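Note that this is a predicted model, so its numbers are computed, not measured.
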Amino acid sequence: MVKGTANNTALNSSPTSKPAQTPLGWRDSAHHFGRISRALHWLTAVLVLFQFIVVLAWRAMGENTLTVFLSSIGPHGSLGFLILLVTLARLGWALSNRQHRPLAPPGISGQMARIVHITFYGLLLWLPAFGLLRQYGRGGALQFYGLELLPEAERNITWMMAPADVLHSPLSWLLFGLIIGHIVIALVHRLWLSDSIWARLMG
């Protein structure tokens with residue numbers, strides 16, 4: 001009996017055997033992001049990409065049946081407000097899981113990843129927040145998919161409109177460039193480096 005146990009132990013400790021996988025839970029762990037973090041990540045990705053699809057379609061084709069249909073699904077202001085809410089939820093969840101999340105890669109790659117993620121969060125907060133502030137400052141109604149949050153009013157508050165007037169467009173394209181770079185780097189980790197970075201979020 002002892003001999004059989006020893007043989008089993010030797011087999012299980014073989015260098016070719018795979019380590020036991022940690023079950024995917026709702027919360028984050030040291031090995032991977034949990035279900036809620038993954039859901040919030042992909043919800044953000046879908047919302048932001050759809051926002052850019054609508055904008056690029058209008059720039060390329062102008063007003064037509066397709067662009068009007070896309071805008072009815074994702075009105076620019078409503079979609080921006082939804083992105084703001086999801087980003088705040090992501091920040092709150094990240095803070096509550098900060099002691100359990102996977103560590104960034106060591107060295108310069110980890111530092112760059114940290115800077116890029118901070119920039120992502122900053123842009124995802126700044127762009128919709130100051131866009132809504134501009135809408136309020138010019139007296140426009142604030143609506144969320146038909147629900148009127150603030151009615152239209154007679155006002156023209158320059159300092160509320162100025163930040164978004166100057167920076168909304170260039171920062172939007174900065175966000176677009178970061179998204180493209182983020183996708184490319186993710187594919188590099190998956191197809192070329194074949195490391196654990198991809199598995200943390202994709203499984």
Report task. Could you label the plane-to-plane angle of the Phe81 and Phe144 rings as parallel, tilted or perpendicular, counting under 30° as parallel and over 60° as perpendicular? Result -> perpendicular
**Report entry** Minimum heavy-atom distance Pro128-Gly80, with the two atoms named
**Finding:** CB-O, 3.1 Å
Query raised in the report: Which pairs, with at least one residue in residues 53-80 and sequence neighbours excluded, count as a side chain to side chain donor-acceptor pair (under 3.5 Å)?
Result: Gln51-His76, Trp58-Ser71, Asn64-Thr67
Query raised in the report: So if you build clusters from Ile, Leu, Val, Met, Phe, Trp, Tyr with side-chain heavy-atom gaps below 4.5 Å, do Trp26 and Leu40 land together?
Result: yes
**Report entry** Ile36/Asn97 under side chain to side chain contact (heavy atoms under 4.5 Å, CB included): CA gap, chis, key distance, verdict
**Finding:** CA-CA 11 Å; Ile36 293 179; Asn97 283 265; over 6 Å; no
Requested in this report: Might you confirm whether atom CZ of Phe69 has over 12 heavy atoms from other residues, nucleotides or ligands at distances under 6.0 Å?
Outcome: no
Report task. Please round to the nearest 0.5 Å and tell me the distance separating atom OG1 of Thr44 and atom CG of Leu82. Result -> 9.0 Å
**Report entry** Separation of Phe176 CZ from Leu171 CG (nearest 0.5 Å)
**Finding:** 15.5 Å
**Report entry** Atom pair CD1/OH of Ile73 and Tyr145 - distance to nearest 0.5 Å
**Finding:** 9.0 Å
Query - Sidechain-backbone polar pair: Ser96 side chain, Trp93 backbone, donor-acceptor under 3.5 Å - result: yes
Requested in this report: Establish whether Ile180 and Val46 are linked, either directly or via other cluster members, by ILVMFWY side-chain heavy-atom contacts under 4.5 Å.
Outcome: no
Query raised in the report: Any side chain to side chain donor-acceptor pair (under 3.5 Å) pairs touching residues 157-181, not counting sequence neighbours?
Result: Arg134-Asp165
**Report entry** side chain to side chain contact (heavy atoms under 4.5 Å, CB included) assessment of Leu167 paired with Trp126
**Finding:** CA-CA 10 Å; Leu167 294 174; Trp126 195 99; 3.6 Å; yes
**Report entry** Taking every non-hydrogen atom, the tightest pair across Tyr136 and Leu142
**Finding:** N-CD2, 4.2 Å
Query raised in the report: Would you call the rings of His41 and His182 parallel, tilted or perpendicular if under 30° counts as parallel and over 60° as perpendicular?
Result: tilted
Report task. Measure across Ala57 and Leu70 and return the closest heavy-atom pair with its distance rounded to 0.1 Å. Result -> CB-CD1, 4.0 Å
Requested in this report: Inspect the surroundings of CE in Met112 and state if more than 12 heavy atoms from other residues, nucleotides or ligands are less than 6.0 Å away.
Outcome: no
Report summary line: Output for pair (Gln111 CD, Ile108 CD1), nearest 0.5 Å, gives 4.5 Å
Query - Donor-acceptor under 3.5 Å (Arg27 side chain, Gly34 main chain) - result: no
Report summary line: Rounding to 0.5 Å, atoms CG (Leu149) and CG (Leu132) come to a distance of 8.5 Å
**Report entry** Nearest non-hydrogen partners of Glu152 and Glu148, listed with the distance
**Finding:** N-OE2, 4.5 Å
Query raised in the report: Nearest 0.5 Å, what's the CG-CD distance between Leu150 and Gln143?
Result: 10.5 Å
Query raised in the report: Should Met161 and Leu133 be counted in the same cluster of Ile, Leu, Val, Met, Phe, Trp and Tyr side chains packed under 4.5 Å apart?
Result: no
Query raised in the report: So, the side chain of Arg90 versus the backbone of Thr87: is there a donor-acceptor pair under 3.5 Å, distance only?
Result: no
**Report entry** Joint hydrophobic cluster, Ile115 plus Ile179, side-chain heavy atoms closer than 4.5 Å
**Finding:** no
**Report entry** Minimum heavy-atom distance Phe50-Leu79, with the two atoms named
**Finding:** CD2-CD2, 3.7 Å
**Report entry** side chain to side chain contact (heavy atoms under 4.5 Å, CB included) assessment of Leu175 paired with Phe120
**Finding:** CA-CA 7 Å; Leu175 177 61; Phe120 264 126; 3.7 Å; yes
Query raised in the report: Which heavy atom in Pro163 sits nearest to a heavy atom in Phe130, and how many Å separate them?
Result: CB-CD2, 3.6 Å
Requested in this report: Please test Leu125 against Leu91 for side chain to side chain contact (heavy atoms under 4.5 Å, CB included), starting from the C-alpha separation and ending with a verdict.
Outcome: CA-CA 10 Å; Leu125 291 172; Leu91 275 173; 3.5 Å; yes
Query - Hydrophobic cluster identity match, Ile118 and Leu124, side-chain contacts under 4.5 Å - result: no
Requested in this report: Please tell me if the side chains of Val116 and Ile185 come closer than 4.5 Å, counting only heavy atoms from C-beta onward.
Outcome: no
